[in-house]
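Worksheet for the structure shown next.
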Amino acid sequence: MTAALRIATRKSALALWQAEHVAARLRAAHPGLTVELVPMTTRGDQITDRSLAAIGGKGLFLKELEVALAERRADIAVHSFKDVPMQLDPGFAIGAVLERADAADAFVSVHHARLAELPHGARVGTSSLRRQVQLRAVRPDLELADLRGNVNTRLAKLDAGEYAAIVLACAGLERLGLGARIRSRLTAPDWLPAAAQGAIAVEHRDGDARIAALLGPLHDADTACCVAAERALTRRLQGSCQVPIAAYCIETESGLHLRGLVGSTDGRILRASGDGVRADPEALGVAVAERLLEQGAAALLAS
């Protein structure tokens, strides 16, 4: 533990909060360990005038951090797990999944308490295709507009009157001390989050035994199990932020229960669910994905 452990992180307020949270957990688990942050700007942070789907997906938030790992300028990288591609590049591994925060989406508005209360034709901001298809399914009258930038930037645009409402992740708002901005929570089974939403993942160089050992105490097996089912569903459907897929898994008395959703931009939505065992969450994810494919998910995604 003599060498400092360096954490690669994006510079946004939320990313820095997550990195500091991981740093604090590491220091608590390993007294005497020196932990340093290595903040950097990613391509995903630099391009804010287009949706993520249009510029290549959420993987743009990871690439520079992974380069820092590969070049040994950092030892670990901290991510919102929902931003992590379903398949990591060779040479990298997820060393810890932290206990999940609130996985729900948040309805945020200055003048309206709930989605149903928005006036006809109201302008709602979100660049997430997953959120857009679910909004269209329940309120086809709404005008949906792209919304990029960090959490504070998005809230500022809402407060300036550019939107009647916006949809954000509850976890991000609460981590930044902005939980009071949540007017209502959009929850399962009617509304599903992105796979792994609310969970923090810590990435490291594959095969680095020292780092893997340091990360061990931070790992939450229950969260990792549920998230594995959600990511397996998304992976089977070849999903990314460029396609509207949602997945949410919870623990039950008998094992796991997973709900999945596939949508299209015209408001059509397919849903499926299933139960599985904790010992094989990936099998549950694949099984629910197959049920969606049987309903025509492939054609819907292709459209």
task: Apply side chain to side chain contact (heavy atoms under 4.5 Å, CB included) to Leu292 and Leu300, showing your working.
output: CA-CA 10 Å; Leu292 289 165; Leu300 205 63; over 6 Å; no
Spell out, as yes or no, whether a donor-acceptor pair under 3.5 Å connects the side chain of [X] to the backbone of [Y].
{"X": "Arg183", "Y": "Ser109", "result": "yes"}
{"X": "Arg291", "Y": "Ser273", "result": "yes"}
{"X": "Glu282", "Y": "Ala228", "result": "no"}
{"X": "Ser184", "Y": "Ala113", "result": "yes"}

Tell me whether [X] shares a hydrophobic cluster with [Y], the cluster being built from Ile, Leu, Val, Met, Phe, Trp, Tyr side chains joined at under 4.5 Å.
{"X": "Val262", "Y": "Leu293", "answer": "yes"}
{"X": "Leu176", "Y": "Val110", "answer": "yes"}
{"X": "Val124", "Y": "Val138", "answer": "yes"}
{"X": "Leu186", "Y": "Ile166", "answer": "no"}
{"X": "Leu26", "Y": "Ile211", "answer": "yes"}

Between [X] and [Y], what is the shortest heavy-atom contact and its length?
{"X": "Ala3", "Y": "Arg210", "answer": "O-NH2, 2.9 Å"}
{"X": "Ala297", "Y": "Leu237", "answer": "CB-CD2, 4.5 Å"}
{"X": "Ala29", "Y": "Pro217", "answer": "CB-CB, 4.0 Å"}
{"X": "Ala164", "Y": "Ala122", "answer": "CB-CB, 3.9 Å"}
{"X": "Thr187", "Y": "Ala104", "answer": "CG2-CB, 4.1 Å"}
{"X": "Asp141", "Y": "Gly121", "answer": "OD2-N, 3.1 Å"}

Using salt bridge (charged side-chain N to carboxylate O under 4.0 Å, His left out) as the criterion, list what pairs up with [X], not counting sequence neighbours.
{"X": "Glu143", "value": "Arg123"}
{"X": "Arg27", "value": "none"}
{"X": "Arg131", "value": "Asp105"}

message: Using the rule side-chain contact (heavy atoms from CB on, under 4.5 Å), only one of Leu98, Leu214, Ile94 pairs with Val202; which is it?
response: Leu98
field: Arg236, Met86, Lys82 screened by side-chain contact (heavy atoms from CB on, under 4.5 Å) with Arg231, the one that passes
entry: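 It is Met86; the other options fail the test.
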Answer whether the closest heavy-atom distance between the side chains of [X] and [Y] falls below 4.5 Å.
{"X": "Leu62", "Y": "Phe92", "result": "no"}
{"X": "Glu230", "Y": "Leu258", "result": "yes"}
{"X": "Ser254", "Y": "Asp275", "result": "no"}
{"X": "Trp191", "Y": "Leu135", "result": "yes"}
{"X": "Met40", "Y": "Val38", "result": "yes"}
{"X": "Pro119", "Y": "His112", "result": "yes"}
{"X": "Leu115", "Y": "Val167", "result": "no"}
{"X": "Arg185", "Y": "Asp102", "result": "yes"}

field: side chain to side chain contact (heavy atoms under 4.5 Å, CB included) assessment of Leu284 paired with Leu233
entry: CA-CA 8 Å; Leu284 173 59; Leu233 178 149; over 6 Å; no
Polar contact flag, side-chain donor to acceptor under 3.5 angstrom, Ser80-Gln18: yes
Quick one: [atom1] on [X] to [atom2] on [Y], what's the gap to the nearest 0.5 Å?
{"X": "Tyr248", "Y": "Cys226", "atom1": "OH", "atom2": "SG", "result": "7.5 Å"}
{"X": "Leu16", "Y": "Ile7", "atom1": "CG", "atom2": "CD1", "result": "10.5 Å"}
{"X": "Leu147", "Y": "Leu168", "atom1": "CG", "atom2": "CG", "result": "7.0 Å"}
{"X": "Glu64", "Y": "Thr41", "atom1": "CD", "atom2": "OG1", "result": "8.5 Å"}
{"X": "Gln134", "Y": "Leu192", "atom1": "CD", "atom2": "CG", "result": "5.5 Å"}
{"X": "Leu158", "Y": "Thr153", "atom1": "CG", "atom2": "OG1", "result": "12.5 Å"}

- request: Quick one: list whatever passes side-chain hydrogen bond (donor to acceptor under 3.5 Å, both in side chains) with Arg278, sequence neighbours left out.
  value: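 Scan of Arg278 (side-chain hydrogen bond (donor to acceptor under 3.5 Å, both in side chains), adjacent residues dropped) gives Asp222, Glu251.
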field: Of all pairs that satisfy salt bridge (charged side-chain N to carboxylate O under 4.0 Å, His left out), the ones with a partner from residues 158-181, not counting sequence neighbours
entry: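 Checked against salt bridge (charged side-chain N to carboxylate O under 4.0 Å, His left out) - neighbours excluded - the pairs reaching residues 158-181 are Asp159-Arg181.
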Side-chain donor/acceptor pairs under 3.5 Å, residues 66-78, sequence neighbours excluded:
unit_1, atom_1, unit_2, atom_2, d
Glu71, OE1, Arg73, NE, 2.8
Glu71, OE1, Arg73, NH2, 3.0
Asp75, OD1, Arg6, NH2, 3.1
Asp75, OD2, Arg6, N, 2.8
Asp75, OD2, Arg6, NE, 3.2

task: Dump the intermediate steps for side chain to side chain contact (heavy atoms under 4.5 Å, CB included) on Gln87 and Arg235, then the final yes or no.
output: CA-CA 8 Å; Gln87 199 71 46; Arg235 189 182 303 112; 3.6 Å; yes
- request: Determine, stepwise, if the pair Val22 / Val35 fulfils side chain to side chain contact (heavy atoms under 4.5 Å, CB included).
  value: CA-CA 10 Å; Val22 170; Val35 184; over 6 Å; no
